[in-house]
J.: 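Shown below is the structure under consideration.
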Amino acid sequence: MNGVTGSTVLALVGVLLGTAGTLLGQHLAARVEIRRDQQQRADAERAERKEAILGFLAAAQSAELTLDRRGRGLPAPEDPEDEKLHDLWLAKKAVELVCSHETAQAAHDYTDALHRHMRSTSPQSGRSPAKRERRYAFMEAARDALEGGRPPPAATMTRLTPSGRWCPSRIWGLGRTGMSGPLTRT
């Protein structure tokens, strides 16, 4: 090989290496940009779910307050019950729009239980185990919706509730007195 051909080949190899390096760099930069965009979208969706869940919880808490006041024989707050129920059902619909089917169903069940208790004339209607279980089911579904695919802890402690259902100890708290039922590791 003579000097001119050798230098031409080396120049072409340099051009090919430079082109390959540029293409590889652009590909890696595009992948990083795609991941960043996916993360931003996931964060925006989580914020939207969180806002809907918090709105629902605020409406549910308002209804719970009315039931609690009724159960204790205290005067009703200034807001009419119909308005609180309307706010609750509206907030439930927001959860249906932005959350998973499981979360939406749990919100519907909890809303339905609150609605039935608000319409009941019994003063003890606010202290229902069914309502408590539906609230617990909603809180678990909401927690799952907000955790967004994070794996659960390796060992979760669970406890049998008085109604015969299992629930995570993060709800009941370990070491709390007065808890019945076995403590198991799942």
Side-chain angles (χ1 to χ4, degrees), residues 38-153 156-174 176 178-181:
Q38 289 172 340
Q39 184 62 41
Q40 287 174 345
R41 285 183 187 184
D43 290 346
E45 288 172 1
R46 183 184 183 281
E48 192 174 23
R49 284 191 308 269
K50 182 179 178 181
E51 183 179 329
I53 288 169
L54 290 176
F56 176 78
L57 287 174
Q61 184 61 36
S62 178
E64 291 267 5
L65 176 66
T66 300
L67 288 171
D68 187 47
R69 292 179 68 83
R70 184 192 303 164
R72 294 173 187 255
L74 297 173
E78 295 79 38
D79 296 337
E81 289 182 13
D82 287 339
E83 187 176 315
K84 289 184 180 191
L85 284 173
H86 171 74
D87 292 344
L88 180 62
W89 282 103
L90 182 64
K92 191 254 333 167
K93 289 174 184 171
V95 170
E96 285 179 346
L97 287 175
V98 297
C99 294
S100 69
H101 174 71
E102 292 80 18
T103 307
Q105 185 63 49
H108 177 81
D109 293 343
Y110 184 33
T111 301
D112 187 50
L114 285 173
H115 185 101
R116 277 187 272 116
H117 291 297
M118 292 274 293
R119 294 293 187 213
S120 172
T121 57
S122 168
Q124 295 299 322
S125 65
R127 297 188 180 121
S128 165
K131 180 182 62 115
R132 192 173 334 145
E133 288 175 4
R134 292 210 171 61
R135 178 178 50 230
Y136 166 75
F138 173 75
M139 294 301 287
E140 283 299 305
R143 186 175 290 111
D144 290 343
L146 292 177
E147 286 177 352
R150 286 188 213 154
T156 303
M157 300 298 285
T158 58
R159 188 177 296 274
L160 188 61
T161 66
S163 64
R165 297 180 74 182
W166 290 98
C167 85
S169 59
R170 65 181 174 196
I171 300 297
W172 288 99
L174 292 174
R176 192 183 285 182
M179 301 304 300
S180 63

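For the numbers below, each heavy atom of this structure counts, side chains included, while hydrogens, waters and symmetry mates do not.
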J.: For His115, give me all partners under ring pair (Phe, Tyr, Trp, His ring centres under 6.0 Å), at least two apart in sequence or on another chain.
T.: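 If we apply the ring pair (Phe, Tyr, Trp, His ring centres under 6.0 Å) test to His115, skipping adjacent residues, the hits are Trp89.
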J.: Assess whether a salt bridge exists between Lys93 and Glu96, defined as any Lys/Arg side-chain N lying under 4.0 Å from an Asp/Glu carboxylate O.
T.: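 No.
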J.: Between Ala91 and Ala59, which heavy-atom pair has the shortest distance, and what is it?
T.: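 Smallest heavy-atom distance, with atoms named: CB-CB, 4.1 Å.
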J.: Got a second to check how far Leu67's CG is from His117's NE2, nearest 0.5 Å?
T.: 7.5 Å
J.: Return the CD to CD distance between Glu140 and Glu102, rounded to the nearest 0.5 Å.
T.: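 Taking CD in Glu140 and CD in Glu102, the distance rounds to 13.5 Å.
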J.: Could you walk me through whether Val98 and Glu51 pass the side-chain contact (heavy atoms from CB on, under 4.5 Å) check?
T.: CA-CA 10 Å; Val98 297; Glu51 183 179 329; over 6 Å; no
J.: Sequence neighbours left out, what passes salt bridge (charged side-chain N to carboxylate O under 4.0 Å, His left out) with Asp112? Give chain and number order.
T.: Arg116
J.: For the atom pair SG (Cys99) and CD (Glu45), what is the distance rounded to the nearest 0.5 Å?
T.: 11.0 Å
J.: By side chain to side chain donor-acceptor pair (under 3.5 Å), which residues pair with Gln40, not counting sequence neighbours?
T.: none
J.: Of Lys84, Arg135, Arg134, which is the lone residue that meets salt bridge (Lys or Arg N to Asp or Glu O under 4.0 Å) with Glu64?
T.: Arg135
J.: Out of curiosity, Leu88 CG to Leu57 CG, how far, rounded to the nearest 0.5 Å?
T.: 10.0 Å
J.: Which distance, rounded to the nearest 0.5 Å, do you find between the CG of Leu146 and the CD1 of Ile53?
T.: 4.0 Å
J.: Considering non-hydrogen atoms only, spot the tightest contact between Ala52 and Ala94 and give its length.
T.: CB-O, 3.9 Å
J.: If you look at every heavy atom in Ala145 and Thr103, which pair is closest and at what distance?
T.: CB-OG1, 3.7 Å
J.: With sequence neighbours left out, what residues match Gln105 under side chain to side chain donor-acceptor pair (under 3.5 Å)?
T.: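 If we apply the side chain to side chain donor-acceptor pair (under 3.5 Å) test to Gln105, skipping adjacent residues, the hits are Asp109.
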J.: Please list, chain by chain and in numerical order, all residues satisfying side chain to side chain donor-acceptor pair (under 3.5 Å) with Thr111, sequence neighbours excluded.
T.: none
J.: Just how far is it from atom CD of Gln61 to atom CG of Leu114, taken to the nearest 0.5 Å?
T.: 10.0 Å
J.: Is it true that a side-chain atom of Thr66 and a backbone atom of Ser62 form a donor plus acceptor pair closer than 3.5 Å?
T.: yes
J.: Identify, with sequence neighbours excluded, every residue that meets side-chain contact (heavy atoms from CB on, under 4.5 Å) alongside Ala107.
T.: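 With neighbours one apart ignored, the set is Phe56, Lys92, Val95, Phe138.
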